[in-house]
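By convention here, the first residue in the shown sequence is residue 1. These numbers come from the heavy atoms of this one structure, side chains and all, not from hydrogens, waters or symmetry mates.
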Amino acid sequence: LLLRQKKHILLLYLIVLFYLFISHPEDIFPMVLTSATQELFGCLADEDVTGESPYKLLKKDDIIQDIKTRAAVSDFSPVKQIVLDYPEDELLLVYDRDFTYEQCFYLVLTPEAKDRILNPPEPETSQVLENVVNKTPEPKEWISLGSELEIDEESIKETREKLWYKFSRVRRKFGVPVCFSDRNTADAKDGYLECASYQDSRFSIKQMQRDCGMQAVPRLQSSSAQTQWYRNIFTQYVPRELSDEEKENILQFESLNNFCNSVTPRVLQALQQEEIMNGFFDDWKALGAAAEDGDWSGKVSEGLMLYQAFTDQKYTKDKKISSINWHPTIYGVLAVALTEQKEERTKDSTTFVVTPSVILFYSFSDPSIPQLLLECPDDIFAFEFCPSDPNIIVGGCINGQVVLWDISAHVTHLLGTQPGSKKDLDDNQENKTPVVRYCAVSALESRHKAPITDVQWLPPTFEVTRSGLPVENKYNISVQVVTCSPDCTIMFWDLRMQRLLSHSATDRKQSVDQKTQMTPYSVPDTFKHLDRTWKPLFRVLQGLRDGEIVHTDWKLEKDDSGRLQSAKPLHCFNIHHWLVNTVQRSPFYKDIILTTGGWNFAIWKEGVMDGPIVLSPSSEQVCTSGCWSLSRPAVFFIGKDDGSIEVWNLMEKTSEPAQVHAHITNAKITCIKPWTASSKQHFLTVTDDIGMVRVLEIPKVLYVPTRNEVRQSNHLSCTHFKEYYCCLFTYYYVKRNNNVLGEGCKQNPALQHIYCIDTKPVHI
């Protein structure tokens, strides 16, 4: 029996080979072209070549060069000899959308076949015979074979009596003209009715028959091996100097002596002035008296000033910055994530270069080169430092996977104090930027189906269970991460092993705070238990359209069948025009939220669910990012796609920005992030889509709050926000017209506070 089965399999294999290699004409060759090859030769399926225009002429030299470059990996390697023997300079490639020859492309192997396909012969015109007369065929006698019984069984027949309905109308309305008009469905509660599908637990349908297909394929297995090779190389440079004789000849030149005599007095005078007074010292800023009084009155610069810029042509070329974060504990160290720019490659390009995906660490101490590189499996859209351990970093990839890094072994390098090593100018060893490989990546089958747009650590004060219920974190260690994606899912991830969820505090702290172990391949062993097997704790599903703001609960609820499912959104607002790029809570009031997207931004308050409390007018430029000030409650920054930054101060103006800084960069701003270096030094980091990082120094007028700003901002964030504004406008209107407020206005709770305001004007 086994021998017979093997014979059948061999016979089937021979039939398939015969079909593949003999069932097509001899002057063509069916081919499978990968997406990289299609992009390289400009023949992308359904873009460059379509069913209506399936022909593409390929240069013979380009094909030969591709075979030489990629060797056996090239898709044209099976026809290498045919291409070399081809007499003309161009070969014809045909896009076979219908898979006529079992492949999506086929290559024409002879010039005759190419001419026949490109210039098909015209069809011969049919000659109509004059003597032929069309005759209508006569029907033949029908012979019953039993098919009428099957048709009778499948036909629909009425089995119950018909129902009779009577409709009447008032006589006076007969013939009266009717006027129809459009009506907004949102104006009435019964304007429209949504009939969504749901699972009814009262009955079930038993499936009696199912049509399905099955195909047997061989098991595939892929493996790879890599050996690190360390090679000792050193290079020593010797300066090229003049000989003693050449030096003596140069010193004898009269022009050199005249030049030295003429510039010596001026150099000595400049050195003397520099020793007496520092010309770059800001005396007004050093006084500091006006800052405490809140009275600046334009005496010093109130704009953002460039403090430092970072870029690296090796890693940031043709890439944009998607995320940026300052190191929580090390001064002047920031990290940026790079993603590939979405630009179409030229069709004439014959090279395909793949650049590595990395996260760069820059430092104020040495801004010329990156201080540390984090190797990524794919481009990173968002990343965050762990609040309880800054050496742990989590990131979200463009392919939907979650990545973890541990940089504990490189903290001394970032601090610039490596024990046992000294850096001097005559060091012969090559100074290379350290590269840290990721120590864990989530399972591919449990990833998001779209790029991860944001990732956040849960605070160390609480954690969530598998059902989404928040519980107290007794150990004050952040071990859970939240990710979101345009695939309408929010996933919660836990860094601990499953068996450690019930262990003691000592074991759990050792699992999180353990000292980094290094494997032979320089990969930290911190999260080895999660690598390639990490799955989310649970996920929340929310189906949304672009630009919507949703207020929902992540706690899972049970449906009628007892299964856990995501709760329905509590509120949904369509305020922005497309994808929202910023959702950030105020650092002063946790119930105040800033959102940006499209041509406007909005400020929301939890508990006020009838819409945003502040909605900006639509601007000419798209709002690409936004952030709150870390020191002033009423100040926030908005980045635009034209490279400008708007500074808004709600205590001064609400209809327009207080400051507009144009041309901060010549490209679209992708991220802005504030950072407080000290009480007297505040920075704003700006990144763009050409890989540049600019650190701007925030002036004192924008980070020192006024005397009444905290108190007034507290009233602006109260529940009666809109009522407060209306009453405030009423108050100043009455004061301007020399009238007195009525007793009814005095009894208003929102007006009782401002009724006692002094005559000093307040800008809104």
K.L.:
Check whether the side chains of Asp75 and Ser77 place a donor and an acceptor atom closer than 3.5 Å, and report yes or no.
P.N.:
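Not at all, the side chains of Asp75 and Ser77 share no donor-acceptor pair under 3.5 Å.
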
K.L.:
Using the test side-chain hydrogen bond (donor to acceptor under 3.5 Å, both in side chains), find all partners of Trp675 that sit at least two apart in sequence or belong to another chain.
P.N.:
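Not a single residue meets the side-chain hydrogen bond (donor to acceptor under 3.5 Å, both in side chains) criterion with Trp675.
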
K.L.:
Could you pull out all residues at least two apart from His661 that satisfy ring-ring contact (aromatic ring centres under 6.0 Å, His included)?
P.N.:
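His661: no ring-ring contact (aromatic ring centres under 6.0 Å, His included) contacts found.
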
K.L.:
What residues, two or more places apart in sequence or in another chain, satisfy side-chain hydrogen bond (donor to acceptor under 3.5 Å, both in side chains) together with Thr665?
P.N.:
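Thr665: side-chain hydrogen bond (donor to acceptor under 3.5 Å, both in side chains) contacts with Asp688, Arg694.
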
K.L.:
Between the side chains of Thr412 and His410, is a donor N or O closer than 3.5 angstrom to an acceptor N or O?
P.N.:
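Distance-only check fails for Thr412 and His410.
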
K.L.:
Are any non-hydrogen side-chain atoms of Ile64 and Phe76 less than 4.5 angstrom apart?
P.N.:
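Of all side-chain heavy-atom pairs linking Phe76 with Ile64, none is under 4.5 Å.
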
K.L.:
Does Asn257 form a side-chain hydrogen bond (donor to acceptor under 3.5 Å, both in side chains) with Ser255? I'd like the steps, not just the answer.
P.N.:
CA-CA 5 Å; Asn257 295 329; Ser255 59; over 6 Å; no

K.L.:
Tell me, do Leu684 and Leu304 make a side-chain contact under 4.5 Å, heavy atoms counted?
P.N.:
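With C-beta onward as the side chain, the pair touches.
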
K.L.:
Sequence neighbours left out, what passes side-chain hydrogen bond (donor to acceptor under 3.5 Å, both in side chains) with Asp312? Give chain and number order.
P.N.:
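Once residues adjacent in sequence are excluded, Asp312 has no partner under the side-chain hydrogen bond (donor to acceptor under 3.5 Å, both in side chains) criterion.
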
K.L.:
State which residues pass ring-ring contact (aromatic ring centres under 6.0 Å, His included) with Phe259; sequence neighbours excluded, sorted by chain then number.
P.N.:
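With neighbours one apart ignored, the set is empty.
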
K.L.:
Could you list all the salt bridge (charged side-chain N to carboxylate O under 4.0 Å, His left out) pairs where at least one residue sits in residues 264-273, not counting sequence neighbours?
P.N.:
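Non-adjacent pairs meeting salt bridge (charged side-chain N to carboxylate O under 4.0 Å, His left out): zero.
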
K.L.:
What residues form a ring-ring contact (aromatic ring centres under 6.0 Å, His included) with Tyr362, not counting sequence neighbours?
P.N.:
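Here the qualifying residues are Phe310.
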
K.L.:
Quick one: does Thr582's side chain have a donor or acceptor within less than 3.5 Å of a partner on Thr596's backbone?
P.N.:
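Not at all, since once roles are kept as given, no pair shorter than 3.5 Å links the two residues.
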
K.L.:
Apply salt bridge (charged side-chain N to carboxylate O under 4.0 Å, His left out) to Glu656 and list each qualifying residue two or more places apart in sequence or on a separate chain.
P.N.:
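Partners of Glu656 under the salt bridge (charged side-chain N to carboxylate O under 4.0 Å, His left out) test: Lys653.
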
K.L.:
Going by atom type alone, with no hydrogens or angles, which donor-acceptor pairs under 3.5 Å involve a side-chain atom of residues 375-385 and a protein atom two or more places apart or on another chain?
P.N.:
| from | atom 1 | to | atom 2 | distance (Å) |
| --- | --- | --- | --- | --- |
| Glu375 | OE2 | Arg437 | NH1 | 3.0 |
| Asp379 | OD1 | Ser357 | OG | 2.6 |
| Asp379 | OD2 | Glu340 | N | 3.0 |

K.L.:
Tell me, which pairs form a side-chain hydrogen bond (donor to acceptor under 3.5 Å, both in side chains) where one or both residues lie in residues 621-644, sequence neighbours left out?
P.N.:
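Passing the test, one end in residues 621-644: Ser619-Lys640, Arg632-Glu709, Lys640-Glu646, Asp642-Ser644.
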
K.L.:
How far does CD1 of Ile452 sit from OG1 of Thr483, to the nearest 0.5 angstrom?
P.N.:
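That separation rounds to 5.0 Å.
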
K.L.:
How far does CG of Asp406 sit from SG of Cys386, to the nearest 0.5 angstrom?
P.N.:
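The distance works out to 10.5 Å.
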
K.L.:
How long is the straight-line distance from CG of Asp89 back to CG of Leu58, given to the nearest 0.5 Å?
P.N.:
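Output value for this atom pair is 13.0 Å.
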
K.L.:
Please tell me if the side chains of Ile669 and Val686 come closer than 4.5 Å, counting only heavy atoms from C-beta onward.
P.N.:
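SC-SC contact between Ile669 and Val686 confirmed.
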
K.L.:
Can you name the side-chain hydrogen bond (donor to acceptor under 3.5 Å, both in side chains) partners of Asn399, sequence neighbours left out?
P.N.:
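Partners of Asn399 under the side-chain hydrogen bond (donor to acceptor under 3.5 Å, both in side chains) test: Gln401.
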
K.L.:
Is any side-chain heavy atom of Ser368 less than 4.5 Å from a side-chain heavy atom of Asp366?
P.N.:
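They are in side-chain contact.
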
K.L.:
Answer yes or no: is there a side-chain heavy-atom contact under 4.5 Å between Gln371 and Val333?
P.N.:
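The answer is no; the side chains never approach within 4.5 Å.
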
K.L.:
Whether the Ser74 and Asp66 side chains hold a donor-acceptor pair (N or O, under 3.5 Å, no angle test) is what I'd like checked.
P.N.:
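On atom types as modelled, these side chains qualify, holding a pair under 3.5 Å.
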
K.L.:
Sequence neighbours left out, what passes side-chain contact (heavy atoms from CB on, under 4.5 Å) with Lys80? Give chain and number order.
P.N.:
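With neighbours one apart ignored, the set is Ile67, Leu84.
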
K.L.:
Flag the pair Leu338 / Thr316 as yes when at least one side-chain heavy-atom distance between them is below 4.5 Å, and no otherwise.
P.N.:
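Touching, per the 4.5 Å side-chain cut-off.
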
K.L.:
Is there a side-chain contact between Phe361 and Leu414, using heavy atoms and a 4.5 Å cut-off?
P.N.:
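Yes, side chains in contact.
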
